[in-house]
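Numbers restart at 1 for each chain; the letters A, B, ... are given by sequence-line order, proteins then strands.
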Protein chains: 2
Amino acid sequence: MLCFDKVGAGGALKVLKRLDESLLTGLAPFRQMSRAEIRAVLDLAASRRYPEGSTVFAAGFPAERFYLLLDGTIRVLRTTPEGEQIVVLHIPAGQLFGIAPAIGATTYPGTAVAASEVIALSWPSRLWSDFTARYPGFGLQAMRTIGQRLGELHARIADLATRQVEQRVAAALMQMAAQGGRRTTGGGIEIAFPVTRQNIADMTGSTLFTVSRLLSAWEQAGLVASRRRHIAVTDPHRLMLVASPPPA
Amino acid sequence: MLCFDKVGAGGALKVLKRLDESLLTGLAPFRQMSRAEIRAVLDLAASRRYPEGSTVFAAGFPAERFYLLLDGTIRVLRTTPEGEQIVVLHIPAGQLFGIAPAIGATTYPGTAVAASEVIALSWPSRLWSDFTARYPGFGLQAMRTIGQRLGELHARIADLATRQVEQRVAAALMQMAAQGGRRTTGGGIEIAFPVTRQNIADMTGSTLFTVSRLLSAWEQAGLVASRRRHIAVTDPHRLMLVASPPPA
DNA sequence: TGCACATGTTGTGCTTCGACAAAGTCGGCG
DNA sequence: CGCCGACTTTGTCGAAGCACAACATGTGCA
């Protein structure tokens with residue numbers, strides 16, 4: 001069975017609830033796998049809870065394990081030679097991450113930190129080839145995930161290269177809302193994990209100060225509502241217009 | 001045998017020479033494959049020449065074929081909703097491209113244009129699963145290529161987010177020199193494919209004007225030499241210092 | 001040879017946005 | 001309760017680099 005390392009009762013319950021659900025709806029990586037197969041794979045997994053802000057793995061280190069994110073959000077960072085760090089992407093619950101073996105890498109290309117409290121399963125990297133050989137659907141889904149991330153990275157690059165800061169920040173908010181969002185009463189979307197202005201600055205290649213100003217302005221205009229470390233998009237439609245204004 | 005569609009005598013010779021070489025040194029995707037296997041794969045390929053500036057495939061279209069670049073350089077573009085286009089990456093000879101099937105995509109995520117005259121082999125996408133199933137090394141190398149591109153994209157994002165335009169332009173030059181470079185007499189490196197200032201601007205999220213100014217300044221300082229549409233880095237070491245200045 | 005067009009250069013504003021300073025607010029913890 | 005630290009707000013200043021205009025130069029083609 002699953003071995004719960006340092007997972008409190010609440011965490012374990014959460015995990016089981018999710019797994020239950022997954023057996024019904026199918027967590028992406030397990031689609032096209034029978035329950036027995038999923039069972040077998042889960043038997044080999046270690047489960048672990050990561051408190052907010054903790055590092056799951058760091059760039060450049062040997063890729064000893066690969067992970068499946070059950071709950072929470074992972075932030076993937078990259079540190080420049082100059083020591084500044086920027087947020088490359090966010091990974092939502094249900095996705096694989098740290099899958100260096102899938103791309104023939106032996107070290108992690110980025111650093112993964114828990115953006116919120118996180119629960120993740122993990123397996124030793126040497127099992128990767130077994131898994132993909134034995135369960136073709138597993139490998140296929142992993143490739144799809146990678147493809148999707150490639151697409152996101154392309155889009156980020158296009159963003160950074162062509163848009164103004166204001167549009168980038170709006171786009172970053174929309175993306176986080178789409179990815180880690182919870183509907184609120186009244187048509188708004190609340191971002192489910194903690195975000196500081198500094199985080200957003202790191203995402204958009206901007207500064208804390210500028211982001212703060214923008215959010216204040218938007219809050220006054222009724223586009224967003226923000227508490228400390230938490231942001232909700234109250235008017236997604238108008239914010240989207242800020243992110244990509246219509247040509248004329 | 002290979003079918004040469006619209007390849008002139010010179011092109012065909014080039015192809016054969018390269019293939020010959022590849023049988024010796026091993027083109028990346030064919031490593032770990034026997035000569036007979038390579039032969040079999042080549043038998044199914046179409047070969048085609050693309051004049052400079054022509055589009056090999058366009059973003060969003062059905063991914064009907066995947067390609068192996070034999071000669072020349074491919075520029076991968078992405079068009080923003082606003083119609084601006086930016087250069088996402090360059091692909092050097094010897095690599096696979098348009099490998100949407102590898103990531104479970106049915107349409108191309110980007111547009112590929114020939115940065116210089118290009119010769120490429122291609123296969124129908126439906127053969128992808130056959131190839132990877134029959135020749136594991138082929139799939140593995142493809143994954144490595146994708147992994148490498150992911151890394152490059154991460155680096156581009158970090159660049160765009162944290163560096164000044166001057167550093168980005170310098171970094172772009174260095175990357176092109178490293179990737180599509182030919183040594184010149186005197187320790188310099190000439191970029192082997194045509195590049196306009198506009199191209200560089202598209203790569204760095206800058207403008208034609210700014211790039212022109214920077215190149216002029218560098219030319220005066222003896223870091224680069226440029227003819228129309230061709231650039232050589234004459235002092236790679238100093239240009240590298242511009243790209244990433246030492247911390248103190 | 002000469003024209004047309006693509007490409008590159010350079011000068012002058014002007015906007016955007018980052019740097020820095022200083023102070024305000026919230027939350028946790030002893 | 002009160003302190004401390006993390007997070008946020010707001011103001012001023014200045015520079016990076018974009019927009020635009022006008023011109024120069026090279027390249028292909030008839």
Hey, are the side chains of [X] and [Y] touching, using non-hydrogen atoms and a 4.5 Å cut-off?
{"X": "A/Ile200", "Y": "A/Met176", "value": "yes"}
{"X": "A/Thr73", "Y": "A/Gln179", "value": "no"}
{"X": "B/Leu69", "Y": "B/Tyr67", "value": "no"}
{"X": "A/Gln175", "Y": "A/Glu152", "value": "yes"}

Rounded to the nearest 0.5 Å, what separation is found between the OG atom of A/Ser116 and the CZ atom of A/Arg75?
-> 8.5 Å
Mind calculating the distance between CZ (B/Arg229) and P (C/dA6) to the nearest angstrom?
->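 Distance check: B/Arg229 CZ to C/dA6 P gives 12 Å.
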Going 5' to 3' on DNA chain D, which nucleotide is the first and which the last to come under 4.0 Å of a heavy atom in chain B?
-> D/dA16 to D/dT27
Can you tell me if the side-chain N/O atoms of B/Arg197 get under 4.0 Å from OP1 or OP2 in C/dT9?
->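 Answer is yes, contact under 4.0 Å.
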Would you tell me if any nitrogen or oxygen in the side chain of A/Arg228 comes within less than 4.0 Å of OP1 or OP2 on C/dG27?
-> no
If you take all heavy atoms of A/Ala59 and A/Pro109, which pair is closest and at what distance?
->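 For A/Ala59 versus A/Pro109, the nearest heavy atoms are CB-O, 3.9 Å.
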Please list residues of residues 200-218 of chain B whose heavy atoms come under 4.0 Å from any atom in DNA chain C, ordered by number; otherwise none.
-> B/Phe209, B/Ser212, B/Arg213, B/Ser216
Mark yes or no for whether B/Thr162, through its side chain, and B/Ala158, through its backbone, hold a donor-acceptor pair below 3.5 Å.
-> yes
Toward the 5' end of DNA chain C, by each residue's nearest nucleotide, A/Arg163 or B/Thr196 | B/Thr196
For a ring pair (Phe, Tyr, Trp, His ring centres under 6.0 Å) with B/Phe57, tell me which candidate from B/Tyr50, B/Phe66, B/Tyr108 qualifies.
->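 Of the listed residues B/Tyr50, B/Phe66, B/Tyr108, the ring pair (Phe, Tyr, Trp, His ring centres under 6.0 Å) partner of B/Phe57 is B/Tyr108.
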